[in-house]
Amino acid sequence: YPEYLRMLKGLTSLPIEIHLMLENPEPYIEHFSKFGEVKLIPHIESMRHPIRTLMKIREENCTAGVAINPGTQLSAIEPVIDHIDSVMLMSINPGIVGHKLLNNTFERLAELKSMIGHDKKIKIILDGGVTFDNAVQLIEAGADAIVCGAGTVFKDKNSVLENTSSLRN
């Protein structure tokens, strides 16, 4: 929601990344870009014209990434690799909060790293099923960033700040 973005921009100077979990994200790009530079990450499966959509994100002075669902072959992102600076590798089926990391996550992470290669500066973001028990393994396996939610930051009765601090340690 763009109104949440406006509120966040007023509270922090940290970079903001928005995971666009919607069908045909192209018409919504302007709604998010009017609040300044953000990273927009649509799903490869939801874009009718992926390169055009990613070019529009950049034309709006935003950074472009792409998300990919667990059931989608990683080769689906090859045509857009020169138009992105990050890949959000989904490690659970999107929309299901609290699910465990899928068994093939480490295999897909290794395949994605190999596909990207060392020449490109494309960040790998892993989203879903991250816990205190697997976070370090995921980073060591090649994830540049992890998205934390129900299994870490919003877990138990500890505060978000306490859980975030524990995760960083």
Side-chain angles (χ1 to χ4, degrees), residues 14-26 28-29 32-33 37-153 155 164 166-169:
L14 292 170
I16 296 175
E17 297 180 358
I18 302 170
H19 182 182
L20 296 174
M21 294 179 63
L22 46 87
E23 289 295 322
N24 190 25
E26 194 169 333
Y28 300 94
I29 293 168
F32 291 104
S33 67
E37 186 179 341
V38 294
K39 179 184 289 188
L40 299 177
I41 307 172
H43 276 259
I44 192 70
E45 302 87 357
S46 70
M47 291 185 278
R48 293 183 182 142
H49 304 284
I51 292 174
R52 183 178 78 191
T53 300
L54 296 168
M55 288 174 67
K56 183 172 181 175
I57 290 171
R58 288 190 168 175
E59 287 169 6
E60 293 290 329
N61 296 315
C62 292
T63 309
V66 69
I68 187 164
N69 285 327
T72 302
Q73 294 294 320
L74 293 174
S75 59
I77 66 166
E78 286 181 24
V80 302
I81 208 91
D82 292 330
H83 300 276
I84 58 174
D85 80 338
S86 63
V87 175
M88 180 175 280
L89 182 64
M90 299 301 300
S91 48
I92 63 168
N93 289 304
I96 304 173
V97 175
H99 269 217
K100 292 182 179 174
L101 192 77
L102 291 170
N103 292 337
N104 66 345
T105 298
F106 287 95
E107 179 183 315
R108 283 175 62 87
L109 185 54
E111 184 182 340
L112 181 58
K113 283 200 70 69
S114 176
M115 179 191 312
I116 291 171
H118 299 291
D119 299 343
K120 294 183 174 48
K121 302 285 188 219
I122 296 175
K123 182 168 96 170
I124 298 175
I125 307 164
L126 194 114
D127 186 357
V130 176
T131 65
F132 290 106
D133 296 328
N134 64 22
V136 172
Q137 293 171 313
L138 292 166
I139 297 295
E140 288 174 349
D144 298 299
I146 50 178
V147 176
C148 302
T152 50
V153 176
K155 185 177 180 167
T164 301
S166 295
L167 184 62
R168 285 186 177 174
N169 290 333

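Within the 4.5 Å cutoff, the side chain of Asn93 has no heavy atoms near those of the Asn69 side chain. At least one side-chain heavy atom of Ile146 sits under 4.5 Å from a side-chain heavy atom of Ile139. Proximity of Ser86 to Lys39: side-chain heavy atoms (C-beta onward) are separated by under 4.5 Å at one or more points. Using a 4.5 Å cut-off on side-chain heavy atoms (C-beta onward), Ile116 and Ile81 make contact. Taking the side chain as every heavy atom from C-beta outward, Val80 and Met47 never approach each other to under 4.5 Å. Inter-residue side-chain proximity for Ile41 and Ile125 is flagged as met; some heavy-atom pair is nearer than 4.5 Å. Looking only at side-chain heavy atoms (C-beta outward), Gln73 and Glu78 stay at 4.5 Å or farther from each other. In this structure, the side chains of Leu74 and Ile68 come closer than 4.5 Å at one or more pairs of heavy atoms.
In this structure, Leu102 CG and Glu107 CD are separated by 12.0 Å, a value rounded to the nearest 0.5 Å. Here CG of Leu112 is found 11.5 Å from OG of Ser75. Values are rounded to the nearest 0.5 Å. Here the CG atom belonging to Leu126 is positioned 10.5 Å from the CG atom belonging to Asp144, to the nearest 0.5 angstrom. Expressed to the nearest 0.5 Å, how far OG1 of Thr63 lies from CG of Leu54 amounts to 11.5 Å. From Ile29, atom CD1 reaches atom CD of Glu60 across 7.5 Å, with rounding to the nearest 0.5 Å. Considering CZ of Phe106 and CD of Gln137, their distance stands at 5.0 Å, rounded to 0.5 Å.
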Walk me through it: do Val38 and Leu40 pass the test side-chain contact (heavy atoms from CB on, under 4.5 Å)? CA-CA 6 Å; Val38 294; Leu40 299 177; 3.7 Å; yes
Step-by-step side-chain contact (heavy atoms from CB on, under 4.5 Å) determination, His19 to Met90: CA-CA 11 Å; His19 182 182; Met90 299 301 300; 3.6 Å; yes
Report the C-alpha separation of Ile124 and Met88 in whole Å, then their side-chain angles, then the decisive distance to 0.1 Å, and conclude whether the side-chain contact (heavy atoms from CB on, under 4.5 Å) test is met. CA-CA 6 Å; Ile124 298 175; Met88 180 175 280; over 6 Å; no
Take Ile122 and Val87 through the test side-chain contact (heavy atoms from CB on, under 4.5 Å) and record every step on the way to the result. CA-CA 7 Å; Ile122 296 175; Val87 175; 4.0 Å; yes
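Listed here is the closest heavy atom pair of Pro25 and Pro42: CG-CB, 3.6 Å. Residue Pro79 comes nearest to Ile51 through the heavy atom pair O-CD1, 3.6 Å, listed as atom of the first residue, atom of the second, then distance. Here the closest non-hydrogen pair linking Cys62 and Glu37 is CA-CG, 4.4 Å. Of all heavy-atom pairs between Asp85 and Arg58, the closest is N-NH2, 4.1 Å.
Other residues, nucleotides and ligands place no more than 12 heavy atoms under 6.0 Å from the OH atom of Tyr28. The environment of Met21 atom CE is dense: over 12 non-hydrogen atoms of other residues, nucleotides or ligands sit within 6.0 angstrom.
Arg52 has no carboxylate O lying under 4.0 Å from a charged side-chain N of Glu59, or vice versa, which leaves the two without a salt bridge.
Here the side chain of Ser46 pairs a donor or acceptor atom with the backbone of Leu22 at under 3.5 angstrom. A donor-acceptor pair is defined here as one N or O able to donate and one able to accept, closer than 3.5 Å; such a pair exists between the side chain of Ser91 and the backbone of Gly128. Judged by distance alone, the side chain of Thr105 and the main-chain N or O of Leu101 form no donor-acceptor pair under 3.5 Å.
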